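No hydrogens, no waters, no symmetry mates; every other heavy atom, side chains included, goes into these values. Quick note on labels: first sequence line is chain A, next is B, and so on, each numbered from 1. Please read these numbers as outputs of a predicted model, since none were measured by experiment.
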Amino acid sequence: MEATSYRTHGCGALRLSEVGQRVRVAGWVRRVRDLGRFVFVDLRDRSGLLQLVALEESPMYAKLRELGREWVIQAEGILRRRESPNPTLPTGEVELLVEEVRVLNHSAVPPFLIEDETDGQEELRLRYRYLDLRRPIQQRRLELRARMISIIRSYLSQRYFLEVETPMLIRSTPEGARDFVVPSRLKPGTFYALPQSPQLLKQLLMVAGYDRYFQIARCFRDEDYRGDRQAEFTQLDCEMSFVTREEVLETFEGLVKTVFSELIGVQLPDFPRLTYAEAMRWYGSDKPDLRYSFRWEEVSEWARQQPVPFWKDKATFWLWVPQVKASRKIQDTLQTIAKDNGASSIAFIQQERGHRTSSLSKFLSIEELPLPGDGMGIWLTTEKLSALGAVRQGIIQHLNIPPETPWAVLWVIDFPLFEADDNGRLSAAHHPFVHPHPEDLHLIEEAPLSVRALAYDLVVNGNELMSGSLRCHTPELQMRVFRALGLSEAEAKEKFGFLLEALSYGAPPHGGCAFGIDRWVMLMAGAQSLREVIAFPKTASGADLMLGAPAPLEPEQKAEILSWLSE
RNA sequence: GGUCCGGUAGUUCAGCUGGUUAGAACGCUGGCCUGUCACGCCAGAGGCCGCGGGUUCGAAUCCCGUCCGGACCGCCA
């Protein structure tokens, strides 16, 4: 902490090495402990906590006794060794014998404890966010976030990436989430939209020859929120030219490893890669949590030959979880999860100290099945692979299985380019600018659902942390994809004319990605909610409880804006 | 948009099958206390029971509506 005229040291910086020195500190009063002939004050600033002390015979004694919680004070005196140290505090071996104290500001009594373990509910803390952020644990989280962004900037800048800002007032794009909209005053009846991501702008930067771009970009989506979602959120947005998918993955694998190493001292091994098809078949999810190694195996052929009536004509999968045992109640829960996710049957077998029990014992001679030891096995019949993922997650959650490793980071690649909605209409699985896999180009028209994309996700502990792709860089290929999505030439020109035009002026091969920074910080900080790693977050209904936003406008302002809405 | 949970002292909660004066802990105020660090001890103040309506002799408690917060589903290329 920098010294100023108000202070010579940060409260948390003082150690035995400063004992005997005259020091001046400034900060907030955490608590006053009045013992009669002694008074102790805990003084807090961002650097930590320091104990101040005054004895009865000192004129400071009366002054310290009068201080209230969260008053802002400045104190000066000689640092001395404590008679009874506190080993739980970094400054626990020293204290400041106060010779002078100045109250810089009073404070109202705070509505909740300004401590890591606070007694305030989140609603109250959001209303007094400046007090909540005064808690050391919050300061550490925002410091972690700032350090992470600084590491990212340094890594990318060293690799020829250029940080470019893109506008917040842009044009609404037809796909994706609902836009936040801003009415135009100068052209009544027209509207700006806030960006859902700088996707198209960064592609235009590649066309412009900027080669490697990044931005810590604020993005906006007007959808309903959750604990893990905010109306505005922060992306690390990146794009590169003249690179293969392989080179993009290497670049960002390096970034992620660097952040883990420099931020929390974790050396990650090389990231395994799963294709989308493998991830779905083995884990039933496109973002599998690989902290747990157990995975599904298809046993349909074997199952069809067994005398189990509900295994005929169905795809059957087998999962073995070693060294666990599920109660009847948990089995019922897993069955509900399976059924809710479209599975047609679920069956269990358990072995405990060599003794086997199974819900299929009346169909199968269970003693003859080869089992690897004690544990639980599950057979699931389902046509929907996502049921495999739901049951696997259910097992982890309800059996409280401890992770085998603290961090599991992997790539999922070869996502499908298209997906069909409920009515069978094609839509872009990721977004409509993704480059199809070169081996599947011939399938775009005949079998679009089997076209793979040059797309990739980075998955950390079951969370999608980053998503990206190579992009169509010729207008011809981009138009083929648009057509497959059901866009006519005229519609494509109307909606994405500027992109098609830009691609026709010498667009280089390019691709990139976007990281969800809030989620990433949340994982690194071990936080439970995005709101804990955002300085001024909104509630689930999109409200800022401190500012009182959103709020009605003054009648004149409202009337003026209403007049802009229609031309 | 749907389902569920919650809203009582400054705070976190109890009370809720209707019935004296609505409780506890922490915090706050005052007093005592020689080494505390969740200091301890004693005393005290503090309440439109979210808001509006209804049922009833009587409502924190039951019913309807509404607002706010949270979780889940939908939604989130």
Using purine N1 to pyrimidine N3 plus N6-O4 or O6-N4 for Watson-Crick, or N1-O2 and O6-N3 for G-U wobble, each under 3.5 Å, what pairs with [N]?
N	value
G46(B)	none
C76(B)	none
U34(B)	none
U17(B)	none
A25(B)	U11(B)
G58(B)	none
G6(B)	C68(B)

Are Arg129(A) and Asp544(A) ion-paired here, with the side-chain N under 4.0 Å from a carboxylate O?
no
Using a strict 4.0 Å threshold on nitrogen-to-oxygen distance, state whether Glu70(A) and Arg30(A) make a salt bridge.
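No.
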Which residue lies more 5' along RNA chain B, comparing Arg82(A) with Gln121(A) via nearest heavy atoms:
Gln121(A)
Per nearest nucleotide of RNA chain B, the residue lying toward the 5' end, Arg81(A) or Arg31(A), is Arg81(A)
Expressed in angstrom and rounded to an integer, what is the separation of [X] atom [atom1] from [N] atom [atom2]?
X	N	atom1	atom2	result
Phe233(A)	C76(B)	CZ	C1'	9 Å
Leu131(A)	G27(B)	CG	C1'	14 Å
Lys538(A)	C76(B)	NZ	P	21 Å
Glu115(A)	G27(B)	CD	P	11 Å
Phe112(A)	A9(B)	CZ	C1'	18 Å
Glu223(A)	C72(B)	CD	C1'	17 Å
Glu419(A)	C76(B)	CD	C1'	12 Å
Glu123(A)	U8(B)	CD	P	9 Å

With a non-hydrogen cut-off below 4.0 angstrom, is [X] in contact with a base, only sugar-phosphate, or nothing?
X	value
Leu49(A)	nothing
Arg80(A)	base
Glu95(A)	base
Pro87(A)	nothing
Arg125(A)	nothing
Thr539(A)	sugar-phosphate

[atom1]-based separation of [M] from [N] [nearest Å]:
N	M	atom1	result
G23(B)	U66(B)	C1'	29 Å
G31(B)	C68(B)	P	45 Å
U17(B)	G2(B)	C1'	31 Å
G52(B)	A14(B)	C1'	27 Å
C28(B)	G46(B)	C1'	9 Å
G70(B)	A59(B)	C1'	27 Å
U3(B)	G40(B)	P	48 Å
G7(B)	U12(B)	P	11 Å

Check whether any side-chain nitrogen or oxygen of [X] sits under 4.0 Å from OP1 or OP2 of [N], and answer yes or no.
X	N	answer
Arg33(A)	C39(B)	yes
Thr88(A)	C37(B)	no
Arg37(A)	C32(B)	no

Quiz item: [X] side-chain donor-acceptor pair to [N] base, under 3.5 Å:
X	N	value
Asp34(A)	C33(B)	yes
Arg127(A)	G10(B)	no
Arg229(A)	C76(B)	yes

Please check if the distance between the ring centroids of Phe220(A) and Phe233(A) is under 6.0 Å.
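No, the ring of Phe220(A) stays outside the 6.0 Å limit from the ring of Phe233(A), centre to centre.
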Of the listed nucleotides [options], the one nearest the side chain of [X]:
X	options	value
Ala540(A)	A71(B), C28(B), G35(B)	A71(B)
Ala543(A)	U12(B), G69(B), C76(B)	G69(B)
Arg531(A)	C33(B), A71(B), G27(B)	A71(B)
Leu545(A)	U34(B), G69(B), C39(B)	G69(B)
Asp224(A)	G74(B), G35(B), U34(B)	G74(B)
Gln51(A)	U11(B), C68(B), G35(B)	G35(B)
Leu35(A)	C76(B), A71(B), C39(B)	C39(B)
Arg221(A)	C76(B), C33(B), G27(B)	C76(B)

Kindly indicate, with the supporting measurements, whether the criterion side chain to side chain contact (heavy atoms under 4.5 Å, CB included) is fulfilled by Leu124(A) and Phe112(A).
CA-CA 8 Å; Leu124(A) 188 73; Phe112(A) 52 87; 3.8 Å; yes
Modelled atom types, side-chain donor and acceptor of Ser469(A) and Arg471(A), under 3.5 Å
yes
Should the pair Tyr456(A) and Trp411(A) be assigned to parallel (<30°), tilted (30 to 60°) or perpendicular (>60°) ring geometry?
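Ring orientation, 0 to 90° scale: perpendicular.
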Students often mix this up, so state it plainly: with edges at 30° and 60°, are the rings of His431(A) and Phe433(A) parallel, tilted or perpendicular?
tilted
Any Phe252(A) side-chain heavy atom under 4.5 Å of Cys238(A) side chain:
yes
Stepwise side chain to side chain donor-acceptor pair (under 3.5 Å) check, Gln235(A) with Ser197(A):
CA-CA 8 Å; Gln235(A) 279 189 351; Ser197(A) 85; 4.6 Å; no
